[in-house]
Visitor: 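Pasting a structure below so you can have a look.
Chain identifiers are assigned alphabetically (A, B, ...) following the order of the sequence lines, protein sequences preceding nucleic acid strands; residue numbering begins at 1 within each chain.
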Amino acid sequence: MTARSDLLTVLAGIGVVLLVASAIGWALRRKLSPDGRNEAVENLNDRIRAWWVMVIALGLAFLGGKAGVLLLFAICSLAALREFMTLTNATRSDHWTLVGAFFVVLPVQYALIWHQQYGIFAIFIPVYVFLLLPIVSALRGETRNFLVRVAEMQWALMICVYCASHVPALLNLPIPGYEGRNVLLIAFLVIVVQISDVLQYVWGKLAGRRKIAPALSPSKTIEGFIGGALSATLIAAGLWWMTPFSPWHAALMGAVITLMGFLGGLVMSAIKRDRGVKDWGHAIAGHGGFIDRLDSVVFSAPIFFHLTRYFWATG
Amino acid sequence: MIRDTIATLVGRAIALFARLVTAVQAIWRGADPLDRRQRIYFANHASHGDFILIWTVLADPLRRRTRPVAGADYWGGGIRRFVGRDVFNAVLIDRTRAQDGSDPVGQMAEALREGASLILFPEGTRNLTDADLLAFRSGLYHLARACPQVDLVPVWIENLNRVLPKGAFIPVPLMCKVIFGAPLRLDVAEEKDAFLGRARDALLALRPVREAA
């Protein structure tokens, strides 16, 4: 099969899943919330609607090729960075640092992917920006909270730009026998992460008893995590045909992605708790902000990228 | 006619730009967003974009007859004059009192009599200090005395001073909130200082709680 027909198969599959979800949401609404007052049902329908928008955006980006994918993730990075920076202690003396982060660092990182400069892409933010960013802030002479401010801005860039940019960077991996199909790797990563989030939620609702980290995230349970992770791993194995992996390797990758996504969700929850907010933003109805939806992808993307690069790619 | 159309388009473009940069979210806490009654919105003032943000989140029918009160010294010339006068239909007042006979409260009361709502910054000038809110000037009291039947709605603008701080010309994208509080009015027997203190407290009460670093 060609890459394009595989991609269309995947998109059609997701479309069917969403159609079923929409039908269930519609039926639940008719039965339980005819006047739109049942919050759980309304939230579910909000989420399904947002899923449609996300899938359509992702589908268009995939069909738009490398430029489309890079543009989509650059926009996601920008939206996520805005949410993260809003919660930091950056003050007006960091204004130029913020201007640099948004309008220089972010575009440069994505331009490096566009030009396939792996060597500099992998160290640009953790080495060069890490050193240059505090210099810009220091030159303004404001020392109050300096370490906190610089560390927060640096971390915002690592999470929202550096880690997120590893998703489109998958397009650059030269994998023998998989030429022209790399976009399916992105589809695999995103599908497994998101389906794992959904399944953990569903398993948690159905069988959740013991809380895994009550201080961080009261809705996460051991039963939900195990059920969700196992079923997402199975689905990952079933999707092996769209990857360069064998079914066993696909399952292993799925497990790693799921685990990192789960732990990433915990870390980002800890930050939200620390800052006293429930959601990162309010951009996506039913989901909160961009980071609320991206957190698990962001944590698993670099690991998935490097495992694939090390074991499957050449050069 | 053409000038009006351009002004409307520029207004829409400015509102869209404000939304793109700040993802501004309106929170109505005690005031009804669709209530068409005439109002005086009074807000904290830290950035030239303050009234734009309030204007952006108002529903369309309200937006059209809501006029910001702004300093003629800043909005008086060139492109700013077009934006201030034609796009936002600002009530331009002489803050410097350079001319004899200028009567800012009279101008505002006149606009209210014509049916407009007003956006007003009772600190009188942009707050460039570290304090959350400066002392209020007396204009809000005199206006409330002149038009006691109009609701005064406190509006807290959160974060815009970080988007475009003093002296900066490139805005950074950070998320902003505009929080509308419960309306208040001047009591018949209320003294000036008591009223200004009460209004200021009502505005400060809308501040989101910030964690200590």
Visitor: How are the rings of B:Phe51 and B:Phe88 set to each other: parallel, tilted or perpendicular (split at 30° and 60°)?
Guide: perpendicular

Visitor: Is any side-chain N of the basic residue among B:Asp130 and A:Arg92 closer than 4.0 Å to the acidic one's carboxylate O?
Guide: yes

Visitor: Mind ranking A:His95, A:Met85, A:Glu83 by heavy-atom pairs under 4.5 Å with chain B and telling me who comes out on top?
Guide: A:His95

Visitor: Once you measure the plane-to-plane angle for A:Phe121 and A:His166, does it fall in the parallel (<30°), tilted (30-60°) or perpendicular (>60°) bin?
Guide: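 Tilted: the ring planes of A:Phe121 and A:His166 meet at 30° to 60°.
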
Visitor: Under 4.5 Å from any heavy atom of chain B, what part of A:Phe103 do you find: side chain, backbone, both or neither?
Guide: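 Side chain of A:Phe103 only, per the 4.5 Å heavy-atom cut-off to chain B.
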
Visitor: Please flag which part of A:Ala90 lies under 4.5 Å from any non-hydrogen atom of chain B: side chain, backbone, both or neither.
Guide: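 Both the backbone and the side chain of A:Ala90 come within 4.5 Å of chain B.
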
Visitor: Check whether A:Arg293 reaches the backbone of A:Met54 with its side chain - one donor and one acceptor, N or O, closer than 3.5 Å.
Guide: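 Such a contact is absent between A:Arg293 side chain and A:Met54 backbone.
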
